[in-house]
Peer 1: 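Handing you a structure now.
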Amino acid sequence: MSLTRRDFARTSAITGAGIALAGSAGVLATAPNALASTETEAAHGDAAAHGRGPGHGHGHGLPGVGYGPLEPDPEGLLALPAGFGYQIITYSGRTRLESGEFTPSHHDGTATFEGPRGATLLVNNHELAGPRAKWAHPVPLAEGLVYDPAAAGGCTVVEVRRDRVAEWVGIAGTSTNCAGGSTPWGTWLTCEETEDKAGHNGMTKDHGYVFEVDPADRRANRAPEPVKALGRYAHEAVVVDPRRGHLFLTEDAAGPNGLLYRWTPPTGFRHGRGRLRTLADDAGVLQAFKCFDSGGRFVDDLSRATRTGTVYGVDWVDVPDRDARQVSTRKQFGEGQVTRARKLEGMWWGDGGVYVVSSFARAESPVQHDGQVWFYDPRRRTLTLKVLLGVNQDPGEDGAFDGPDNITVSPYGGLVVAEDGEGVQHLFGATDSGRTYPIARNELNIGTAAEPEYSEFTGVTFSPDGRTLYANIQTPGIMVAITGPWKRQKR
C-alpha cells in the first residue's frame, strides 16, 4: 500500500511537529560544521572550539564523550587515543593469500562473521575497476570462482585467529566491488559500482550486479552468477530488512544523481543461504524511492533538507527495466517521478530501520553539503535526517569531519563513521544525542611532503563480540584491527 502525500500531510498535521522519530538512536551525530542549529550542536561547537590541545587539533566532542585526543603513531599509520592499539591484518603487496599471491589492493566494504572454533571471518571487497592490467594486485582468478576473467575486482575472505591470519578468494572477475552488505543468514552481498557492459572497458560480461558470497562455505561460491533480480546499476551498499525480507540498495552515480532502491521478494520466497541465486532475473519488484514533505510537496533531491530532524514521507515507484538493457535505471524516470541524491553510499541496518549515507553534494545538486546520514523507518515509511555536515572550507586543516561513507552501528551506542572526504581522514564516533569524537586518523601519506594526501577509510565494522573494530585504509589496501578500552558512550 502506498503512503500518499495526503496521508503523510494529514499524519503530520495531527502530530504537530511531524512524524515521531523512531528507535533509540532518534537523534544522531552532527559534526562541528553542521548546518542545523540545535541546542546539542551549539554546546558541541563550544566544546570543540575550546578542546584543541596537544593531540594535533583533535578537539572533537564534549568532556566524557569519546576516548580523548588522538596520539601520533610512531609507525606513521594510525593515530589512536591513549590505551588503544592496532594490528595490521592484511596489507596489499605485503601479506599473501593461501594460494601464494599478494593480498589484492583497494580494500572497501567489509563485514564480520563468527567462524569455527573462535575464529572471526571477514569478507573484504576490493574496489578495482576495469581491466586487470590496470592494477598491480588484482583479485587472483581462483579456479571456479571467476565471473568475468577480464575484470580485476572481487572480494577475499579473511580468517582471524589469535595466532594466525589466513586469506583466500571469495569471488573474482567482478568489477569495482564497493560497500556491499551482510545478510541475517550469514552471507555477504558484494556490489559492483559500475555499469560496464560486455565489450566496454575490456569486459567480456555485463557488470553492475550484486553477487552473494558465503564466508563459511567455499564450495557455495563456485560458478558465481549475479542476482539479476536486484538490478544492474552502480551499486554501492545493500541491507536486508530481517522482518519483511526487503533489500534496500544505494546507487552511487551522477548525471543525474543516483537513487535509493527497495527490492520486494516474490510471494512465498524465503531467504536463506544461497536462496538469492535461485531467483529468476525478474523475480520480485525493484522500486526507487519518492519523497514528499509534511505539506505533501514532492522532494526532488535529498540535499533540499537543510536541518537535522527533517522528516519526509516515502513512496516507492517501480523500475521499468531493472537490467538497464538500453537506459540506466536512474535515467528511466522523468522529472517529478523519483527523488535523487548525490553519492548515496554506506548503509547499515539498526534500530529497526536503515541508516543511509549521502557523502556530499556539489553543483550538480540543489543544495551543497559535505555529508548526510538518513534513517529510513520501514514501518512508518519515513526518512529522517540525522546528520548534516556543512561544506568543509578547509579540508586540509584537521578539525571538522566531512564526507561520511561506510558506517556501522556501534555496540557502544550511536554510529561509527568512515570518512571519505578531502584532506585529513578519520574514523569518528557519533553519539545518540549528536556529539562526535575521533577514533582514528590515517597518518599514511601517499602524496608528498609538499602536497600530502591521505586515503579514505572503508569497511568499518565490529567483531561479533564487539571487542575489535575492523577498518580499512583503501589505498594501498590495509586492513587493521583496533582494540582498546571501549565503553558505552554518554548520550
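We're numbering straight along the sequence, starting at 1.
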Peer 1: Roughly how far, to the nearest 0.5 Å, is CG of Leu286 from CG of Leu249?
Peer 2: 7.0 Å
Peer 1: Answer whether the closest heavy-atom distance between the side chains of Pro464 and Phe113 falls below 4.5 Å.
Peer 2: no
Peer 1: Applying salt bridge (charged side-chain N to carboxylate O under 4.0 Å, His left out) as the test, list every pair that has at least one member in residues 337-348; sequence neighbours left out.
Peer 2: Asp252-Lys343, Arg342-Glu364, Lys343-Glu345
Peer 1: Parallel, tilted or perpendicular: which fits the ring planes of Trp374 and Tyr312, with parallel below 30° and perpendicular above 60°?
Peer 2: parallel
Peer 1: So, using ring pair (Phe, Tyr, Trp, His ring centres under 6.0 Å) as the criterion, who are the partners of Phe462 when residues are at least two apart?
Peer 2: Tyr412, Trp486
Peer 1: Nearest 0.5 Å, what's the NE2-OG distance between His369 and Ser359?
Peer 2: 9.0 Å
Peer 1: Between OH of Tyr355 and CZ of Phe375, what distance do you get to the nearest 0.5 Å?
Peer 2: 5.0 Å
Peer 1: What closest approach, in Å, do Val123 and Cys155 show between heavy atoms, and which atom pair accounts for it?
Peer 2: CG1-SG, 3.8 Å
Peer 1: Apply the test side-chain contact (heavy atoms from CB on, under 4.5 Å) to residues Gln332 and Val327: give CA-CA distance (whole Å), side-chain angles for both, the deciding distance (0.1 Å), then the verdict.
Peer 2: CA-CA 6 Å; Gln332 294 173 24; Val327 179; 4.0 Å; yes
Peer 1: Will you find, in the side chains of Asp301 and Asn257, an N or O donor that is under 3.5 Å from an N or O acceptor?
Peer 2: yes
Peer 1: Taking atom types as modelled and ignoring hydrogens, do the side chains of Glu422 and Tyr454 form a donor-acceptor contact shorter than 3.5 angstrom?
Peer 2: no
Peer 1: Any idea which heavy atoms bring Gly130 and Asn201 closest together, and the distance?
Peer 2: CA-ND2, 3.5 Å
Peer 1: Only counting residues at least two apart or in another chain, list the ones meeting salt bridge (Lys or Arg N to Asp or Glu O under 4.0 Å) with Arg273.
Peer 2: Asp214
Peer 1: Verify, without hydrogens or angle tests, whether Gln372 (side chain) and Leu385 (backbone) share a donor-acceptor contact under 3.5 angstrom.
Peer 2: no
Peer 1: Look at the side chain of Glu251 and the backbone N and O of Leu259, then say whether any donor-acceptor pair between them is shorter than 3.5 Å.
Peer 2: yes
Peer 1: Does any part of the side chain of Leu469, heavy atoms only, come nearer than 4.5 Å to the side chain of Ile439, both counted from C-beta?
Peer 2: yes
Peer 1: Looking at every heavy atom in both Ala324 and Thr329, which two are closest together, and how far apart are they?
Peer 2: CB-N, 4.0 Å
Peer 1: Taking atom types as modelled, find out whether Arg262 and Gln287 have a side-chain donor-acceptor pair closer than 3.5 angstrom.
Peer 2: yes
Peer 1: Of the non-hydrogen atoms in Cys191 and Val238, which two are nearest, and what is the gap between them?
Peer 2: SG-CG1, 3.8 Å
Peer 1: Hey, are the side chains of Val210 and Pro226 touching, using non-hydrogen atoms and a 4.5 Å cut-off?
Peer 2: no
Peer 1: Got a donor-acceptor contact below 3.5 angstrom from the Thr339 side chain to the Val299 backbone?
Peer 2: yes
Peer 1: Counting C-beta onward and ignoring hydrogens, is there a side-chain heavy-atom pair between Thr308 and Lys386 closer than 4.5 Å?
Peer 2: no
Peer 1: Could you walk me through whether Asp108 and Gln474 pass the side chain to side chain donor-acceptor pair (under 3.5 Å) test, one step at a time?
Peer 2: CA-CA 6 Å; Asp108 209 284; Gln474 186 174 71; 2.7 Å; yes
Peer 1: May I ask you to decide if Arg270's main-chain N or O and Arg275's side chain share a donor-acceptor pair within less than 3.5 Å?
Peer 2: yes
Peer 1: Quick one: which residue pairs count as a salt bridge (charged side-chain N to carboxylate O under 4.0 Å, His left out) with a foot in residues 228-242, not counting sequence neighbours?
Peer 2: Asp241-Arg244
Peer 1: Are any of the side-chain nitrogens in Arg325 or Asp206 under 4.0 Å away from the carboxylate oxygens of its partner?
Peer 2: no
Peer 1: Counting neighbours of CD on Glu114 that are heavy atoms of other residues, nucleotides or ligands and sit closer than 6.0 Å, is the number greater than 12?
Peer 2: no
Peer 1: Distance from Asn177 atom CG to Phe211 atom CZ, nearest 0.5 Å?
Peer 2: 8.0 Å
Peer 1: Any side-chain heavy atom of Val311 sitting closer than 4.5 Å to one from Leu383?
Peer 2: no
Peer 1: Taking Asp351 for its side chain and Gly353 for its backbone only, find out whether a donor-acceptor pair lies under 3.5 Å.
Peer 2: no
Peer 1: Give the intermediate values and the outcome of side-chain contact (heavy atoms from CB on, under 4.5 Å) for residues Val424 and Arg441.
Peer 2: CA-CA 8 Å; Val424 183; Arg441 180 181 69 245; 3.7 Å; yes
Peer 1: Do Phe401 and Phe428 have ring centres separated by under 6.0 Å?
Peer 2: yes
Peer 1: How long is the span from the CG atom in Asp405 to the CD atom in Gln425, to the nearest 0.5 Å?
Peer 2: 9.5 Å
Peer 1: Give a yes-or-no answer on whether the side chains of Thr187 and Glu212 include a donor-acceptor pair shorter than 3.5 Å.
Peer 2: yes
Peer 1: Between Arg304 and Asp300, does at least one N-O distance fall below 4.0 Å, as a salt bridge requires?
Peer 2: yes
Peer 1: Does anything in residues 256-280 form a ring-ring contact (aromatic ring centres under 6.0 Å, His included)? List the pairs, not counting sequence neighbours.
Peer 2: Trp185-His271, Tyr233-Tyr261, Phe269-His271
Peer 1: Between Glu192 and His235, does any side-chain donor sit less than 3.5 Å from a side-chain acceptor?
Peer 2: no
Peer 1: Is Pro320 close to Phe333 at the side-chain level, that is, under 4.5 Å between some pair of heavy atoms?
Peer 2: yes
Peer 1: For Lys487 and Gly66, work out which heavy atoms get closest and say how close.
Peer 2: CE-O, 3.2 Å
Peer 1: Does the side chain of Tyr209 reach to within under 4.5 Å of the side chain of Tyr147, using non-hydrogen atoms?
Peer 2: yes
Peer 1: Would you say the side-chain atoms of Asp281 pair up with the backbone N or O of Ala229, donor to acceptor, closer than 3.5 Å?
Peer 2: no
Peer 1: Partners of Arg330 by side chain to side chain donor-acceptor pair (under 3.5 Å), sequence neighbours excluded?
Peer 2: Glu195
Peer 1: Looking at every heavy atom in both Gln368 and Ala363, which two are closest together, and how far apart are they?
Peer 2: NE2-N, 4.0 Å
Peer 1: Hey, does the side chain of Glu419 reach the backbone of His426 with a donor-acceptor pair shorter than 3.5 angstrom?
Peer 2: yes
Peer 1: Could you tell me whether the side chain of Asp293 and the main chain of Arg297 form a donor-acceptor pair under 3.5 Å?
Peer 2: yes
Peer 1: Take Ile407 and Val416, measure what side-chain contact (heavy atoms from CB on, under 4.5 Å) needs, and give me the verdict at the end.
Peer 2: CA-CA 6 Å; Ile407 58 172; Val416 176; over 6 Å; no
Peer 1: For the pair Ser365 (side chain) and Val367 (backbone), establish whether a donor and an acceptor sit closer than 3.5 Å, ignoring hydrogens and angles.
Peer 2: no
Peer 1: In Å, rounded to the nearest 0.5 Å, how long is the span from OG of Ser455 to NE2 of His107?
Peer 2: 10.5 Å
Peer 1: Between the side chains of His207 and Asp148, is a donor N or O closer than 3.5 angstrom to an acceptor N or O?
Peer 2: yes
Peer 1: Could you go through Asn472 and Phe457, starting from their C-alpha distance and side-chain angles, then the distance that decides it, and tell me whether this counts as side-chain contact (heavy atoms from CB on, under 4.5 Å)?
Peer 2: CA-CA 6 Å; Asn472 308 311; Phe457 279 106; over 6 Å; no
Peer 1: Is there side-chain contact between Ser303 and Pro366, with heavy atoms separated by less than 4.5 Å?
Peer 2: yes
Peer 1: Whether the Thr110 and Asn124 side chains hold a donor-acceptor pair (N or O, under 3.5 Å, no angle test) is what I'd like checked.
Peer 2: yes
